[in-house]
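Report on one structure; see the data block that follows.
Computed from a predicted model, the values in this text were never measured in an experiment. The basis for the numbers below is simple: all heavy atoms, side chains too, and nothing from hydrogens, waters or symmetry mates. Both ligands and their constituent atoms are indexed starting at 1 by order of listing.
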Amino acid sequence: MADIDKRIIKLPDLQLIDKYNRCLNYLRISITDRCNLRCVYCVTNDTNPNLPHKEILRYEEILRLVRIGVRLGISKVRVTGGEPLVRKGVYDFLGQLTQIDGLSDVSLTTNGVLLKDNIKKIRSAGIKRINVSMDTLNRQKYKDITGHDMFDQVWEGIESAQKMGFDPIKINVVALNGINDDELTDIAGLSFSYPFHIRFIEYMPIGTSHITIGNQLLAPEIQERIKVLGELSPVEKGINDGPAKRYKFKGAKGEIGFIHAVSKHFCNECNRLRLTANGKLRACLLSDHQEDIKGPLRRGCLDSELADVFLRAVSHKPYGHNLVRNHPVMVAGRMSAIGG
Ligand code: SAM
């Protein structure tokens with residue numbers, strides 16, 4: 001098979017375009033399935049241990065796949081997990097990732113537990129944007145949700161990221177009935193005092209977590225509840241924006257966003273491809289179809305053959321998922337390994 005360089009030069013239209021004409025230019029990479037928190041909505045009831053180390057893609061393997069992805073049109077990458085900051089060597093890896101020509105945006109999603117002590121290393125690695133998950137402003141509740149008494153540490157991490165100039169800092173909040181719904185206005189109210197982008201995420205039934213569909217709180221309801229803080233005006237989408245619908249309260253420093261994966265899915269505009277911790281390419285978070293790329297990679301395949309795996313994964317991207325509120329279809333696997 002011809003080398004990919006030649007193929008791309010010969011075929012400039014060799015892009016990750018699926019059969020519905022969506023152009024996939026955004027790769028989300030789970031670098032580990034391990035996490036230092038046990039969030040009730042994320043941790044599964046199964047007793048599967050973490051993936052053995054040899055099953056996890058090595059950094060150099062990930063970097064090679066990203067370079068191939070870039071030649072196929074990937075321009076934006078997010079590093080996630082599991083908790084990416086628990087993986088040894090992550091800061092060097094981030095530094096190498098941000099050096100890859102052709103990537104215009106490299107960002108990180110973290111639970112923030114290790115943020116404060118490592119914020120300089122993250123910045124030095126060239127990361128400018130981070131998302132931090134924090135579902136409550138209450139220390140005890142944080143412990144109840146995550147299993148760890150880490151609220152203060154995470155908050156200090158967010159503050160240190162702000163001091164270091166990360167912009168924007170997005171705070172991810174999974175909104176859940178009976179768990180943090182009493183705090184929605186307080187959390188949204190942070191956008192008045194801080195330039196943070198608060199993003200309310202609808203719970204998705206992935207794996208067998210401790211949360212039931214009764215806990216699910218959808219974006220329209222969240223929006224209705226936080227309206228007591230003022231009128232929300234839409235914010236125009238930026239070029240590198242994800243699926244969040246963005247809004248701002250009058251006079252606020254920050255923004256409010258809604259990730260309405262369930263109530264109003266954004267599948268028609270989905271530009272995402274995922275690389276799982278154990279080396280599968282997954283074109284839809286909520287579909288169980290995935291293509292193994294670790295096998296061919298470790299068998300010594302050429303870049304062109306690995307590019308074919310990308311193209312195959314993309315060809316299987318479904319038009320949309322069918323998660324609906326009252327008849328949810330449980331997605332197999334674990335969010336930590338797939339990459340949230
Ligand atoms: N450890 C990092 C963190 O906490 O941000 C990255 C991985 S985590 C799986 C990524 C995001 O997925 C987090 O914001 C988390 O709240 C969200 N998440 C996890 N399980 C979810 C679920 N079942 N539905 C919706 N969001 C979920």
Atom indices of ligand 1 within 4.0 angstrom of T80 heavy atoms, with elements:
6 (C), 7 (C)
Out of all atoms in ligand 1, which are within 4.0 Å of some heavy atom of N172? Include the element for each.
14 (O)
Distance from F310 atom CZ to E305 atom CD, nearest 0.5 Å?
14.0 Å
Identify, by atom number and element, the atoms of ligand 1 in contact range of G82, meaning under 4.0 Å from any of its heavy atoms.
1 (N), 2 (C), 6 (C), 7 (C)
Measure the distances from the heavy atoms of P205 to every atom of ligand 1 and state whether one is below 4.0 angstrom.
no
Between the NZ atom in K294 and the CD1 atom in I56, the distance rounded to the nearest 0.5 Å is 8.0 Å
Ion pair check, D292 and K280, cut-off under 4.0 Å:
yes
Between K143, K141, E183, which is the residue that forms a side-chain hydrogen bond (donor to acceptor under 3.5 Å, both in side chains) with T136?
E183
Within 4.0 Å of some non-hydrogen atom of Y203, the atoms of ligand 1 are 22 (C), 23 (N), 24 (N), 25 (C)
Counting only nitrogen or oxygen atoms and a 3.5 angstrom limit, does P84 reach ligand 1?
no
Given that the side chain starts at C-beta and the backbone is N, CA, C, O, which of these parts of T109 lies under 4.0 Å from ligand 1, counting heavy atoms, or is it both or neither?
both
Can you find a pair of side-chain heavy atoms, one from N25 and one from L16, that are under 4.5 Å apart?
no
Short version for N111: what comes under 4.0 Å of ligand 1, heavy atoms counted, is both
Between V132 and ligand 1, find which residue part has any heavy-atom pair under 4.0 Å and reply side chain, backbone, both or neither.
neither
Look at D303 together with R71 and state whether they make a salt bridge at an N to O cut-off of under 4.0 Å.
yes
How long is the gap from OG1 on T185 to CD1 on I222, to the nearest 0.5 Å?
12.5 Å
